[in-house]
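One structure is given below, encoded as structure tokens.
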Amino acid sequence: MAAKRKVARIGILTGGGDCPGLNAVIRVVTKTAITQHGLEVFGIEDGFLGLIRNRMRPLSFDDVSNILTVGGTVLGTSNRANPAHFATGNAADGKPIFEDVTNRVIEHITDRQLDAIVCIGGDGTMSGAASLIERGVPCVGVPKTIDNDLMHTDLTFGFTTAVETATECLDRIHSTASSHHRVMLVETMGRNAGWLTLHAGLASGADIILIPEIPYSVDIVSETCLKRSRRGKRFTIIAISEGAKPKDGEQTVNKIVHDSPDPIRLGGVSTVLAEQISAKTGLETRATILGHIQRGGTPVAFDRVLAMRFGYKALELLVQGKLNQLVVLQHDDIRSVPISDVADQQRIVSCDHPLLAVARSVGTCMGD
Ligand code: F6P
């Protein structure tokens with residue numbers, strides 16, 4: 001297909017759950033492509049869904065002006081549209097029928113004469129990109145997610161903003177917990193990775209931090225609350241990941257999104273644990289689930305700059321013909337790794353991560 005010729009027209013899409021900083025990438029890629037390299041840019045709507053349904057539009061310099069500070073994505077996104085595994089309908093029993101619609105996607109890419117696609121997303125989006133690459137569509141990836149769980153990058157953009165948001169919420173819970181002498185649980189997102197909870201928990205001085213990587217003991221958590229109470233500390237703040245689970249127990253599933261390639265949506269563990277702590281200790285407990293608040297809003301300055309560094313590098317790779325790479329941050333250097341190295345993998349907190357030692361050094365209970 002057209003990929004063999006010099007890159008002249010590119011597509012750009014944002015896939016998976018949104019996060020602050022997506023527009024910063026769209027802006028830098030589009031502006032640099034047009035002004036520095038004379039490329040044409042097509043904005044693909046709603047992630048891979050736009051490629052499947054042939055929904056894309058040319059992007060001009062003006063189209064991407066004034067979006068740097070805006071949360072979300074002006075292109076829209078979808079976390080249910082992997083071309084290699086796309087729900088095209090329902091069987092008689094109501095279960096979705098998945099099909100490989102990559103041929104359709106390639107037809108649309110060829111019709112629009114796109115030479116390469118910039119895919120901004122997490123592990124699911126990189127998995128979609130990897131299947132396009134296998135079929136000869138050149139792609140370059142940019143790592144986003146509030147979960148910070150992509151392999152080979154020290155940071156994804158969006159994470160730092162989400163940490164700020166979760167920290168502010170935890171700080172606010174602190175004052176009401178203290179007034180009412182309650183055990184307050186604050187549930188953060190992050191899927192199977194505890195990065196968001198660990199960072200926000202540390203930053204807000206949470207007394208207990210529970211992450212998916214360290215299964216918790218309900219007895220130890222309850223005893224910690226009681227000990228604080230006996231010492232005259234009449235409240236306890238617990239930062240808990242949506243993916244946290246008890247020892248010998250399972251994660252709490254909020255819903256199954258049947259037509260999604262990654263159907264499990266976690267959520268609700270804080271409510272379950274709040275009841276258990278209350279029953280064991282007699283202390284008054286409340287749970288707050290932060291949910292999608294963590295994904296919304298304007299990106300913090302750090303994420304804007306990181307998003308711009310990533311987007312700039314992605315375009316540099318494209319024009320240099322270094323395709324099928326994901327841009328990454330390693331030791332404050334923007335580098336790249338093959339997209340196939342990160343697709344469908346998650347980077348979780350290792351049990352010897354230095355931040356765990358920091359948390360424990362100030363007496364934070366990790367639930368174990
Ligand atoms: O991957 C980002 C994320 O926000 C996770 O932290 C969370 O588990 C999931 O997406 C929620 O997905 P949805 O927007 O489909 O509810």
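In listed order, ligands and their atoms are each counted from 1.
Just one residue in the list Arg80, Arg53, Arg55 forms a side-chain hydrogen bond (donor to acceptor under 3.5 Å, both in side chains) with Asp46, and that residue is Arg55. Exactly one of Ser336, Pro143, Ser340 qualifies for a side chain to side chain contact (heavy atoms under 4.5 Å, CB included) with Leu326. That residue is Pro143.
Distances from atom 8 (O) of ligand 1 to the heavy atoms of Lys255, Met189, Glu242, Arg265 put Glu242 nearest.
Under 4.0 Å from ligand 1, not a single heavy atom of Leu266 appears. Neither the backbone nor the side chain of Gln294 comes within contact range of ligand 1; no heavy atom lies under 4.0 Å.
Nearest protein heavy-atom neighbour of atom 9 (C) of ligand 1: Arg295 NH1, 3.9 Å. Ranking the protein heavy atoms by distance from atom 1 (O) of ligand 1 puts Asp147 OD2, 2.6 Å first.
Side-chain contact, Ser222 with Thr281: no donor N or O sits under 3.5 Å from an acceptor N or O.
Using 4.0 Å as the threshold, Gly190 has a heavy atom nearer than that to some atom of ligand 1.
Considering only residues two or more places apart in sequence or on other chains, His353 meets the ring-ring contact (aromatic ring centres under 6.0 Å, His included) condition with Trp195.
Close approach of ligand 1 to Asn79 (heavy-atom distance below 4.0 Å) involves ligand atoms 13 (P), 15 (O). Atoms of ligand 1 lying under 4.0 Å from at least one heavy atom of His292, given by number and element, are 13 (P), 14 (O), 16 (O).
The cationic atom of Lys144 (NZ for Lys, CZ for Arg) does not lie both less than 6.0 Å from the six-membered ring centre of Phe157 and within 45° of the ring axis.
Listed by first then second residue, pairs satisfying salt bridge (charged side-chain N to carboxylate O under 4.0 Å, His left out) with a partner in residues 155-174 read Glu168-Arg172, not counting sequence neighbours.
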